[in-house]
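Written out below as structure tokens is the structure these notes cover.
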There are 2 protein chains.
Amino acid sequence: MTKGRVTVIDIAKAAGVSKSTVSLVLQGSPLVNEGTRSKVNAAMRELGYVYNRGAANLRQASAKSKIIGVVVNDLTNSFFAELAVGVDMVVQSAGFVQFLSNTSESIDRQREVVASMREHGISGLIVSPARATEAADLKPLVAADIPVVVVVRSLPGAKVSSIVSDNQGGTSAAVEHLASLGHTRIAFLGGFPDTAVFEERLAGYAGGMKAAGLGFHEELVVSSAPSRAGGVDAIGRAMAMADRPTAAVCFNDAVAFGVCDGLRARHMEPGRDFAVVGFDDVIEAQTAVPALTTISVDPQSMGRRAAQLLLKQINAGKAEPESITTAVRLVVRESCGAAQKKAGRKMA
Amino acid sequence: MTKGRVTVIDIAKAAGVSKSTVSLVLQGSPLVNEGTRSKVNAAMRELGYVYNRGAANLRQASAKSKIIGVVVNDLTNSFFAELAVGVDMVVQSAGFVQFLSNTSESIDRQREVVASMREHGISGLIVSPARATEAADLKPLVAADIPVVVVVRSLPGAKVSSIVSDNQGGTSAAVEHLASLGHTRIAFLGGFPDTAVFEERLAGYAGGMKAAGLGFHEELVVSSAPSRAGGVDAIGRAMAMADRPTAAVCFNDAVAFGVCDGLRARHMEPGRDFAVVGFDDVIEAQTAVPALTTISVDPQSMGRRAAQLLLKQINAGKAEPESITTAVRLVVRESCGAAQKKAGRKMA
DNA sequence: CTACATAATTGGAACGTTCCAAATATGTCA
DNA sequence: TGACATATTTGGAACGTTCCAATTATGTAG
């Protein structure tokens, strides 16, 4: 009874047809007679048949493996968790399944997981590359005609599609907002200068400063690790300057939180004595004190779009690289001081 | 040149050996001569060979597929994201890869993804079951000798391994702490009564009350949805009672946050006018205002343990169901009022 | 009844690997 | 040298599916 697994041949025998017919039923072919189809389906239920995709993939192109790989650089960051959820949504409803791996920013780990995914015959890959990733790392994939969509961080020179948020537009809007609040010495804090994301956000900052007639001053940008600790460090250096800034747009929310910590350590209250704007709108941004004014990039919808693009390329067979930048929006909370005039809540 | 994929046969031809030998090299067999091995490896690098696991799994038992499935009920909840990271860590270093899916608490979705994973021949499954999951849902898996580890929520009557946190110990400790602070009317707020987790946490609460000599009073437990909104609702009903409680242990952190909201709506300050304790220690717990006193269950280590257990069972071939409960610890912050005597921070 | 189109079904040959039993090479001992 | 053990290699035959060309059944027009 429980000897070995149930195969199409067992089904064929039970339904009194040939294995070819069973295969046709499996693929929903219109060629098979309605009566036969239901007989076969009945037999499958009866025997508890489970489809063996591995065997099927042996014959078919790997585009039919129905596996899509997702590689993120930091799953503990809720931004990426949300992204993965977005991907999963559309991928799942298209009958695909998601292979998800976390590289923890390690390039070696990334190589390993991508290799492993290839062995399993993924039909496509969505990747938020680890820090030092180079275009060459994805070369073998595209050579094998496996569609790849890079998200969040763009990969200079790679012939693959990418979806990034409008980093430039975001920081530009942040500067504009701070300027409208009367700030003139606005700093740009945090982030590693050797990344594409940094360049874009910095460009938006610079553009915003010029547009506001404040000019771009090199000394107002102080880089650091894109983390909470990095933020503490950056604000420290900023406050050591002769002509101190009164506001800052930060590389991301983590840095912004660190900046707030650093301000308090200097007995300054973020939102009252100094304006802080973050980037990402992570989940803690709204519950933190003061609530963080930040640039919101809906990671879930980003994931959804990435998945849609990837599926389109998988179905098309050939993948024309395509670049999408998704809109961001400034969400004004308390840390920029704009809410100050509103009823003085006891606790801010 | 680029015609078709590179197979063992191509490698064999290039290295001047038979495909069988190549296969042995692939499997790291000690039977093959060192010289031959390196010749073969060289050929593989040369031709850009990629192993086809699908084909291999056709011959081997599914235990060698090197895929382990992970199904969680809510990936947007950082608790589960952390859990998945923990799983990924050990799974990855054992040379496996993780199939991760999110059910969003939908039992149908869960059925789909589990079925899909089976088709792909997973060697094992780690699942945090969606709400209405029954033991029968996992029956086919165990019948097929696929090891299953249930995490977070236990599944009554299923013959599978499980890892849950010490819910009972956690709430019991929470009550003890509140009692030591002088509270006598301590409520248990939130959660759906028809779940195993609720029962366990309630039992801990009841035990703690009795142990503290306060007795268990039915009217002090008010259930609700295990969400922020549910918390608002629950505290509302609790405050409508004649003999009001002065403290509450909540079903989870989300409920606790809702309770705080509800208290403020009644012009009461959590931590000062009413003591609140949560459960889970989600990431926001420490940044919220007031910082939430809660029961911490390290999800990442839980994920690691689940993966270890699963791998053990996969390697053992046969899986003896095993039940583990992981320790929890009370982390005292501000919402319980214990920190009151400490220097009055401006902002709490 | 023949000729032909259409609908439905089918047997075998792939796909890329592993496993087995058997073959070959190499060394050792009497 | 022959006999035997040991180390290494090898040709098929699986595994469970899909694809193709070929077959059979059914209907319809001449």
Side-chain angles (χ1 to χ4, degrees), chain A residues 3-41 43-44 47-67 116 118-123 144, chain B residues 3-41 43-44 47-67 116 118-123 144:
Chain A
K3 55 179 310 207
R5 58 154 74 233
V6 182
T7 79
V8 273
I9 302 198
D10 300 317
I11 303 299
K13 221 164 285 173
V17 297
S18 80
K19 60 180 169 38
S20 304
T21 304
V22 177
S23 175
L24 290 178
V25 171
L26 245 18
Q27 299 169 82
S29 162
L31 272 65
V32 34
N33 181 289
E34 212 41 63
T36 320
R37 180 190 307 279
S38 51
K39 245 187 339 194
V40 170
N41 281 324
M44 294 202 290
L47 304 188
Y49 172 72
V50 343
Y51 185 67
N52 184 334
R53 250 173 233 275
N57 288 320
L58 213 44
R59 285 291 295 168
Q60 303 177 302
S62 94
K64 301 204 66 182
S65 82
K66 295 290 188 180
I67 303 180
S116 172
R118 274 202 77 186
E119 291 184 359
H120 285 285
I122 52 172
S123 343
Chain B
K3 54 177 314 204
R5 57 154 73 234
V6 183
T7 80
V8 271
I9 303 200
D10 301 317
I11 303 299
K13 220 164 288 174
V17 298
S18 80
K19 60 180 170 35
S20 303
T21 304
V22 177
S23 175
L24 291 178
V25 171
L26 246 16
Q27 299 168 79
S29 162
L31 271 64
V32 35
N33 181 289
E34 212 41 63
T36 322
R37 182 190 306 280
S38 51
K39 246 187 339 193
V40 170
N41 281 324
M44 294 203 289
L47 304 188
Y49 172 71
V50 342
Y51 186 65
N52 185 333
R53 250 173 232 278
N57 289 335
L58 212 43
R59 285 291 296 168
Q60 303 176 303
S62 92
K64 300 204 65 183
S65 82
K66 296 291 189 178
I67 303 181
S116 171
R118 273 201 78 186
E119 292 185 359
H120 286 286
I122 52 171
S123 345

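Chain naming here is simple, since letters A, B, ... match the order of the sequence lines and numbering starts at 1 in each.
Under a 3.5 Å cut-off, the side chain of B:Asn57 and the backbone N or O of B:Gly54 do not form any donor-acceptor pair. The backbone N or O of B:Ser29 lies less than 3.5 Å from a partner atom in the side chain of B:Arg37, making a donor-acceptor pair.
On a pure distance criterion of 3.5 Å, no polar donor-acceptor pair joins the side chain of A:Ser18 and the base of C:dG11. A donor-acceptor contact under 3.5 Å links the side chain of B:Arg59 to the base of C:dT18.
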As a quick check of understanding, evaluate side-chain contact (heavy atoms from CB on, under 4.5 Å) for A:Asn52 and A:Arg5, giving each step before the final call.
CA-CA 10 Å; A:Asn52 184 334; A:Arg5 58 154 74 233; 4.2 Å; yes
Stepwise, does the side-chain contact (heavy atoms from CB on, under 4.5 Å) test hold for B:Thr7 with B:Lys19?
CA-CA 9 Å; B:Thr7 80; B:Lys19 60 180 170 35; over 6 Å; no
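As rounded to whole Å, 18 Å separates atom C1' of D:dT26 from atom CD of A:Glu34. With rounding to whole Å, B:Asn57 atom CG is found 14 Å from D:dT17 atom P. Note: CG (B:Asn33) to P (C:dT26) measures 10 Å, nearest angstrom. C:dT17 atom P lies 17 Å from atom NZ of B:Lys66, rounded to whole Å. When rounded to the nearest whole Å, the span between CD of A:Glu119 and P of C:dT17 equals 10 Å. B:Lys39 has its NZ atom 8 Å from the P atom of D:dT9, to the nearest Å. For the pair A:Leu24 CG and C:dT10 P, the computed distance is 10 Å after rounding to whole Å. One interatomic measurement links the two molecules: CZ of B:Arg5 to P of C:dG16, which rounds to 7 Å at whole-angstrom precision.
The side chain of B:Thr21 places no N or O atom within less than 4.0 Å of a non-bridging phosphate oxygen (OP1 or OP2) of D:dT9. Proximity of A:Ser23 to the phosphate of D:dC19: no side-chain N or O atom is located under 4.0 Å from OP1 or OP2. Between D:dT17 and A:Asn52, no contact under 4.0 Å exists linking OP1 or OP2 to a side-chain N or O.
Distance from the side chain of B:Lys19 is smallest to C:dT18 among D:dG16, C:dT18, D:dC19. For B:Tyr51, whose side chain is taken as the heavy atoms from C-beta onward, the closest listed nucleotide among C:dT18, D:dG16, C:dG16 is C:dT18. Among the nucleotides D:dG11, D:dG16, D:dT9, the one closest to the side chain of B:Val32 is D:dT9. Of all nucleotides listed (C:dA8, D:dC19, D:dT8), D:dT8 comes nearest to the side chain of B:Leu31. In the set C:dT17, C:dT10, D:dT18, the nucleotide with an atom closest to the side chain of A:Leu26 is D:dT18. Across D:dT9, C:dG16, C:dC19, the shortest atom-to-atom separation from the side chain of B:Thr36 is found for D:dT9.
The side-chain heavy atoms of A:Leu26 and A:Tyr49, taken from C-beta on, include a pair separated by under 4.5 Å.
Along DNA chain C, the nucleotide closest to B:Gln27 and the one closest to B:Leu58 are compared, and the more 5′ of them pairs with B:Leu58. Nearest-nucleotide positions on DNA chain D for B:Ser20 and A:Ile9 put B:Ser20 closer to the 5' end.
Between the side chains of B:Ser38 and B:Glu34, no donor N or O sits under 3.5 Å from an acceptor N or O.
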